[in-house]
Amino acid sequence: MQPADLIIHARWLLTCEPEYNVFENHALVIKDGLILDILPSQSASEKYTPSDAQHFPHHMLMPGFVNTHTHLAMNLFRGLADDMGLMEWLNTHIWPAESAWVSHQFVYDASMLAMAEMIRGGTTCFNDMYFFLQASAAAAADAGLRANIGITVIGVPTAWAKTPAEYIAKGLEFYYEYKNHPLIKTTFAPHSIYTVSDAQLIEVRDLAQEHDLKINMHVQETMDEVTQSLKETNLRPLRRLHNLGLVTPRLIAVHMTQVVDDDLEILAAHKPNIVHCPESNMKLASGICPIHEFKKMGVNVALGTDGAASNNDLNMIAEMRSAAFLSKVSTGDSSATHSYEVMKMATHNGAKALGLDAIIGTLTAGKAADFIAIDLDRIETLPVYHPTSSLVYAAAREQVTDVWVAGRQLMKNRQLTTIDEAAVKAKAAEWQHKIKANAAQVPLKP
């Protein structure tokens with residue numbers, strides 16, 4: 001018999017590969033942080049001698065969720081300002097709050113709060129866009145999560161950097177510091193077409209090509225953004241990016257709620273990655289990303305939560321359900337997007353967008369052992385005819401019971417193993433008290 005570190009036996013095993021594969025009464029075999037084998041439970045017991053074996057007779061095993069767009073440190077601004085449009089929300093509340101409070105310690109504490117929330121909801125990899133990159137990376141390393149940390153570039157001064165040149169210089173310093181880290185990778189993250197100049201975008205384009213990094217950017221999030229771009233340049237944002245040579249498979253275009261035929265032609269020809277953030281887009285009344293159109297063109301669509309200040313959570317199961325429902329109601333076609341398709345958007349497609357699909361995103365022998373266990377033996381999800389439908393249309397994130405990244409268990413039976421939950425909650429309360437006590441600096445809106 002062959003040695004293994006861990007064998008997980010489960011009622012269902014969902015691979016999230018291109019083909020729809022749900023295996024019943026199968027086992028996942030783990031060795032050295034990688035998936036060694038997937039086979040029937042009985043065969044696994046006969047073939048392997050594990051150091052540990054775990055049994056999940058009522059659970060589904062599947063790849064961990066990939067949250068392909070978020071701003072983790074905004075967790076500490078959750079509920080600070082709600083029920084308004086994007087530009088009012090940014091200009092009147094969020095940017096002043098960031099100016100008043102964001103620091104290395106703030107970002108670390110807020111990121112740890114976000115990491116705890118994501119692990120409890122089954123997210124094993126995330127793509128972040130924020131400031132104080134070392135703080136976010138340190139939190140990810142402490143939590144054991146897989147991370148893509150964006151080199152934010154924005155044409156306004158913040159506590160982290162004052163000029164675009166300083167953003168890029170600090171970002172490249174971070175990139176070299178973490179270049180060989182097993183779990184932490186880097187992207188470029190110019191904020192948007194309305195906060196970054198064409199010259200700065202060209203510099204980002206060239207540096208991304210030089211270092212083979214993805215470019216993660218808000219694109220056509222709202223009609224205001226499109227209107228402003230047309231007024232200033234007579235071009236829509238996506239056309240401007242195309243003219244600058246940024247619309248390639250390297251681009252991760254986030255939101256894309258405002259789409260016309262010219263945009264579709266560019267997308268079909270150049271195949272960037274799209275990140276759909278349905279709940280944030282709904283809450284801010286930004287619009288609907290037409291994922292059904294992108295699917296027809298073969299454009300890769302992933303899912304993200306956006307930040308908890310605009311969502312107001314980091315719940316990928318909820319994002320899957322919202323993505324499926326929005327696609328159906330916006331097209332008038334109840335079959336427009338199936339449960340399995342949004343599940344792939346939340347796993348394999350996110351990994352593909354980040355350039356990590358050779359490592360994560362599916363349960364495949366040779367890939368990293370990033371996976372989760374979801375208990376479907378609950379009143380709310382019984383009976384289970386189709387596990388994917390049960391998860392997308394009926395389950396809650398609280399049904400995620402166990403989480404692994406690179407074979408390391410980050411949550412066991414709903415208990416976090418790498419994060420001190422009480423300490424994280426205490427820090428959140430401490431920051432809430434500080435921010436609320438100084439509300440004169442930043443308007444609070446219920």
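Only heavy atoms go into these numbers, but all of them, side chains included; no hydrogens, no water, no symmetry mates.
Between F325 and Y393, a ring centre-to-centre spacing shorter than 6.0 Å is recorded. Taking the six-membered ring where the residue is Trp, the centroids of H255 and H276 are separated by 6.0 Å or more. The aromatic ring centroids of F77 and H71 lie 6.0 Å or more from each other. When ring centroids are compared, W12 and F23 stay outside the 6.0 Å threshold.
Taking each heavy atom of H218 and H191 in turn, the nearest pair found is ND1-O, 2.8 Å. When all heavy atoms are compared, the tightest approach of R205 to G245 is CD-O, 3.7 Å. Taking all atoms of both residues into account, the shortest heavy-atom contact from S136 to V107 is OG-CG1, 3.3 Å. Between R408 and G144 the shortest heavy-atom distance is NH1-CA, 3.9 Å.
At a threshold of 4.0 Å, the pair E173-K170 does not count as salt-bridged, since none of the basic side-chain nitrogens sits closer than that to a carboxylate oxygen. Salt bridge present: D82 and K283 bring a charged side-chain N and a carboxylate O closer than 4.0 Å. One finds a salt bridge joining R397 and E117 here, because a Lys/Arg side-chain nitrogen approaches an Asp/Glu carboxylate oxygen to under 4.0 Å. R236 has no carboxylate O lying under 4.0 Å from a charged side-chain N of D262, or vice versa, which leaves the two without a salt bridge.
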Q: Test side-chain hydrogen bond (donor to acceptor under 3.5 Å, both in side chains) on H59 and T401 and set out the steps.
A: CA-CA 9 Å; H59 290 61; T401 61; 3.1 Å; yes

Q. Going through the distances and angles, do Y194 and D224 end up as a side-chain hydrogen bond (donor to acceptor under 3.5 Å, both in side chains)?
A. CA-CA 10 Å; Y194 57 89; D224 285 344; over 6 Å; no

Q.
Determine whether S322 and E279 satisfy the following criterion, side-chain hydrogen bond (donor to acceptor under 3.5 Å, both in side chains), listing intermediate values before the conclusion.
A. CA-CA 7 Å; S322 293; E279 297 207 342; 2.7 Å; yes

Q: Would you check, one step at a time, whether the test side-chain contact (heavy atoms from CB on, under 4.5 Å) holds for R240 with S229?
A: CA-CA 9 Å; R240 289 173 63 183; S229 181; 2.9 Å; yes

Q.
Applying side-chain contact (heavy atoms from CB on, under 4.5 Å) to V260 and D263, what does each step give before you reach the verdict?
A. CA-CA 5 Å; V260 297; D263 301 320; 3.4 Å; yes

Q: Evaluate side-chain hydrogen bond (donor to acceptor under 3.5 Å, both in side chains) for D306 paired with N311, printing each intermediate quantity in order.
A: CA-CA 7 Å; D306 211 342; N311 186 310; over 6 Å; no

Q: Check the pair L213, Y175 against side-chain contact (heavy atoms from CB on, under 4.5 Å), reporting the backbone distance first and the verdict last.
A: CA-CA 10 Å; L213 300 179; Y175 163 71; 3.8 Å; yes

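Panel note: side chain D109, backbone F106; no donor-acceptor pair is recorded below 3.5 Å. Of the possible donor and acceptor atoms, one in the side chain of T418 sits under 3.5 Å from a partner among the backbone N and O of A143. Put simply, the side chain of N300 gets close to the backbone of N349: a donor and an acceptor are under 3.5 Å apart. Looking at K352, its side chain never comes within 3.5 Å of a backbone N or O of V301 through a donor-acceptor pair.
Among residues two or more places apart in sequence or in another chain, the ring-ring contact (aromatic ring centres under 6.0 Å, His included) test is passed with F131 by none.
With rounding to the nearest 0.5 angstrom, the CD1 atom of I435 is 11.5 Å from the NE2 atom of H433. Within the model, atoms CG of L356 and CG of N148 stand 5.0 Å from one another, a figure rounded to the nearest 0.5 Å. Expressed to the nearest 0.5 Å, how far CG of N281 lies from CD of E221 amounts to 6.0 Å.
Residues T257 and Q220 are not in side-chain contact: their nearest non-hydrogen atoms beyond the backbone lie 4.5 Å or more apart. Within the 4.5 Å cutoff, no side-chain heavy atoms of D402 are placed close to those of I372. Counting only heavy atoms from C-beta outward, the side chains of F126 and R146 never approach each other to under 4.5 Å.
Ring geometry for H270 against H242 counts as tilted: the plane angle lies between 30° and 60°, on a 0 to 90° scale. The aromatic rings of Y178 and H181 lie tilted to each other, with the angle between the two planes from 30° to 60°.
Each of T123, T305, N127 was compared with N67 under the side-chain hydrogen bond (donor to acceptor under 3.5 Å, both in side chains) criterion, and only T305 meets it.
No more than 12 heavy atoms of other residues, nucleotides or ligands shown are found within 6.0 angstrom of NZ on K425.
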